Number of protein chains: 2
Amino acid sequence: MAQLVAETIAGSLRERIERGDWGDGTRLPPERELAEAYGVARNTIRRALNLLGESTQITRVVGRGTFVEPTARGSLTDLSDVLARIAGSSPADMMEIRQLLEPTAAAFAATNASAAELLRVAEAHRLAEAATDLADFEHWDAEFHHRVFACSRNELLREIHNILRLVRNQVPWLEMKRRAFSEDRRRHYCQEHQALIDALGRRDPEGARSAMLAHLRSVESNLFERGPRD
Amino acid sequence: MAQLVAETIAGSLRERIERGDWGDGTRLPPERELAEAYGVARNTIRRALNLLGESTQITRVVGRGTFVEPTARGSLTDLSDVLARIAGSSPADMMEIRQLLEPTAAAFAATNASAAELLRVAEAHRLAEAATDLADFEHWDAEFHHRVFACSRNELLREIHNILRLVRNQVPWLEMKRRAFSEDRRRHYCQEHQALIDALGRRDPEGARSAMLAHLRSVESNLFERGPRD
DNA sequence: GTTTCCTGATCCAATCCTATACCAATTAAC
DNA sequence: GTTAATTGGTATAGGATTGGATCAGGAAAC
């Protein structure tokens, strides 16, 4: 994944900081020294440090040097706290958020997607339809939803969905989905997906929005009501 | 079935991508290299890549290379990658998401908040009003918005906002907000905050929703239009 | 004859790395 | 206090790599 020399070096430096080679508040070697150590030009080191500064907290002071911020680990743990809480959030909250985000993503997609992207959405739908077991269906169903986000042309929206998707791949969720699954329901979902694809093909934002909303409501009621075989 | 050479090559490349020869986000060999490897002219490789681009997500950047889009394969991307992409997302995307999430959070808050929570929202508003410098105002403004999320009674929604808040605390955002700031605008924001608090106090979800939306629209136009002193 | 497809070649534009020089702020030596 | 060395910040130039675009020519299909 590291195509750029600067990216590689940034990764190496980050690792060394996190490993504790340079502790909180200590000074990193001067740029000129790092350049020689890594065998690259100083420009490249500066670029690596700029990249590093985007994610890790470092402070650079003219005449003094580059320092590891004491808060660097703090904000990281902040973030991991956030993620832990996200992972532990309730299915009801999740479905509420999905009903908030996904219809809008579908509406955006109807307006913004290229024909090629719509083909990719349709492809995921087709594979979900053709799936022979639950795991396969789950995979292509998730992929279908994600591809809608992918063509919404809002990168942030897409990445938020990535996070939600990670949560829904946790064990309790898989269990829950397994209990709510039936062949009937699968067919029903596929029909709803088809309706969404039709709306996207018509470039109809409001149609896509309501198709997605209807789909999520049926997912929700299946998830939270009694199983199909009581 | 006399396939074009370019089509055959496109198919071969597609297969290799899906098989994982080149993983998410990695760079494909340069066109000149592929041309030699397949024993064809570079034009033909370019044609194949154009065909490939119609069905698979690849990105081509002059001077850098051709890349497999992170979404091109089904694999779930690493969480740290997701966060890096979130941190790098555009302010326009951010404002779009805020206008999607925050009005709904406000509506939830109007229904769900306890009286004590509403007091905490009002407190943040009061401190933002009383702030004497930009940093202080920024802090309480952000806190105001976050406390609205905190009483929306949807933990997931609140944590998503936490992530967005972390992004908006990055350097480029701070710069942008500084440029868009003026005392006039601060007073205007505070009036809008007051309108929101009034709606929350009336337990009026739709009023809260529209008050928040109006506020975010004015934030957006201030952020993206010319500075206050042109 | 015309069209389509591939080849070969050339030039352009963007990006990355190198190399170098100079500036500005800080620190240490005197 | 003054000066010199150190260090990050900035700018410029050049070479190498890479995708973008175009043109001329040959071969095959119609």
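To find a chain, count down the sequence lines: A is the first, B the second, and so on, and within it residues start at 1. Small disclaimer: the values here were computed from a predicted structure and weren't measured.
- The aromatic ring centres of B:H188 and B:H193 sit 6.0 Å or more apart.
- Going from atom CD1 of B:I97 over to atom CG of A:L156 covers 5.0 Å, rounded to the nearest 0.5 Å.
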Scan nucleotides 19-30 of chain D nucleotide by nucleotide, 5' to 3', and note B when protein non-hydrogen atoms come under 4.0 Å of the base, S if they reach only the sugar-phosphate, - if neither. BBBBB-------
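- Computed from coordinates, the A:I45 CD1 to D:dT7 C1' distance equals 14 Å when rounded to whole Å.
- Inter-residue side-chain proximity for B:I9 and B:L49 is flagged as unmet; no heavy-atom pair is nearer than 4.5 Å.
- Under the 4.5 Å side-chain criterion, counting only non-hydrogen atoms from C-beta, B:C190 is in contact with B:H125.
- Annotation: of the two residues near DNA chain C, A:A41 and B:A41, the 5′-most nearest-nucleotide partner is B:A41.
- Side-chain atoms of A:T104 and A:R209 include a donor-acceptor pair closer than 3.5 Å.
- No side-chain donor-acceptor contact under 3.5 Å links B:E31 and B:T66.
- Rounded to the nearest 0.5 angstrom, B:I86 CD1 and A:I160 CD1 are separated by 6.0 Å.
- For DNA chain C, the contact window with chain A, defined by any atom under 4.0 Å from a protein heavy atom, covers C:dC16 to C:dT27 in 5' to 3' order.
- Each of A:V40 and B:V40 has a nearest nucleotide on DNA chain C; the 5'-most of these lies closest to B:V40.
- Side-chain contact between A:L101 and A:L164: present, with at least one pair of heavy atoms (C-beta onward) separated by less than 4.5 Å.
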